[in-house]
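As the structure is a prediction and not an experimental result, all values here were calculated from the model. Convention: sequence-line order gives letters A, B, ...; per-chain numbering from 1.
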Amino acid sequence: MLERCFFQRDPVTCARELVGCKLTCGMLSGIVVETEAYDAEGDDACHTAFRPSARAFVGGQQPGAAYVYFSYGVHWMLNVLVKAERAGFVLIRALEPLEGIDEMRKARGVHDLRQLCSGPGKLTKALGITGCHHGRDMCSDANFAFSRGPADRSINTSLRIGISRAMELPWRFYAAGNLHVSRTSPKEGRAGVEPARL
DNA sequence: ACTAAGATTCGC
DNA sequence: CGAATCTTAGTA
């Protein structure tokens, strides 16, 4: 399982390095193939910019804590709190299904592997992640944690998806060429280029 | 109390 | 392209 110090770095670094790691939830798991970084300061798209409860979460929880919220009255979104000199969240946007694929198919009601976890709302449904996971410490929970992935492949960068503020920040990271990414980039980032920092 | 907006997904 | 459906937060 990834130790606490993994999450004691800035959100952009954590988001990029979580791509390729494995997410395990009970008997189910998948490889993280897409993430986004949200910075608790100076990022108008981060929940901390307009939600006092998010600021309280950042202040009161340890790095590695799961930040799970309900979106559009329909879908759960999984984030991980990261904290160093800068704090923020990493949104988990897509997985490549690994273990428990039949369970995921049952939970999602679709058979196609590419449809199981190719979106932030899809993967929580597939793995059974809900509000009861909110606040759980992913550095000490044997049933809900990240671990090192197989090998690192090349990672691409793009603008974040589905937000209406701070749209210029290239803080989305995804495994190049992976079939389980949520969708093609709004504006394709160049592989190997360092993303902008604050 | 009432209203608005939202890091999405699916179906028409 | 629009509905689904609910939580948080701002305003009265």
Whole angstrom value for the distance that separates C1' of dG10(C) from NE2 of His47(A): 16 Å
Rounded distance (nearest 0.5 Å) linking atom OG1 of Thr13(A) with atom CD of Gln8(A): 13.5 Å
Nearest-angstrom distance from the residue atom CG of Leu116(A) to C1' of dT9(B): 15 Å
Any Ser164(A) side-chain N or O less than 4.0 Å from OP1/OP2 of dA5(B): no
Rounded interatomic separation in angstrom, taking CD1 from Ile129(A) and C1' from dT8(B): 16 Å
Aromatic centroids of His47(A) and Tyr67(A) separated by under 6.0 Å: yes
Side-chain heavy-atom pair Val82(A), Pro63(A) within 4.5 angstrom cut-off: no
Nucleotide nearest Phe70(A) (side chain, heavy atoms from C-beta), chosen from dT7(C), dG6(B), dT8(B): dT7(C)
Trace of the ring pair (Phe, Tyr, Trp, His ring centres under 6.0 Å) decision for Phe70(A) with His75(A): CA-CA 6 Å; Phe70(A) 203 42; His75(A) 298 290; 8.1 Å; no
Pi stacking test for Tyr72(A) and dA4(C): under 5.5 Å apart, planes under 30°: no
Complementary nucleotide for dT11(C) - Watson-Crick or wobble, under 3.5 Å: dA1(B)
Protein-nucleotide distance (His134(A), atom NE2; dT7(C), atom C1'), rounded to Å: 12 Å
Distance in angstrom units between Lys125(A) NZ and dT8(B) P, rounded: 16 Å
Leu169(A) CG to dA7(B) C1', straight-line distance once rounded to whole Å: 13 Å
Nucleotide nearest Arg108(A) when distance is taken to its side chain, options dC10(B), dA9(C), dA7(B): dC10(B)
Lys125(A), NZ atom: more than 12 neighbouring heavy atoms under 6.0 Å: no
Below 4.0 Å: OP1/OP2 of dT7(C) and any side-chain N or O of Ser71(A): no
Protein-nucleotide distance (Phe89(A), atom CZ; dA7(B), atom P), rounded to Å: 13 Å
Among dG6(B), dT8(B), dA7(B), the one nearest Tyr38(A) by side-chain distance: dA7(B)
First encountered from the 5' end of DNA chain B, between Gly73(A) and Gly121(A): Gly73(A)
Atom pair distance, as rounded to whole Å: CG in Asp112(A) and P in dT9(B): 15 Å
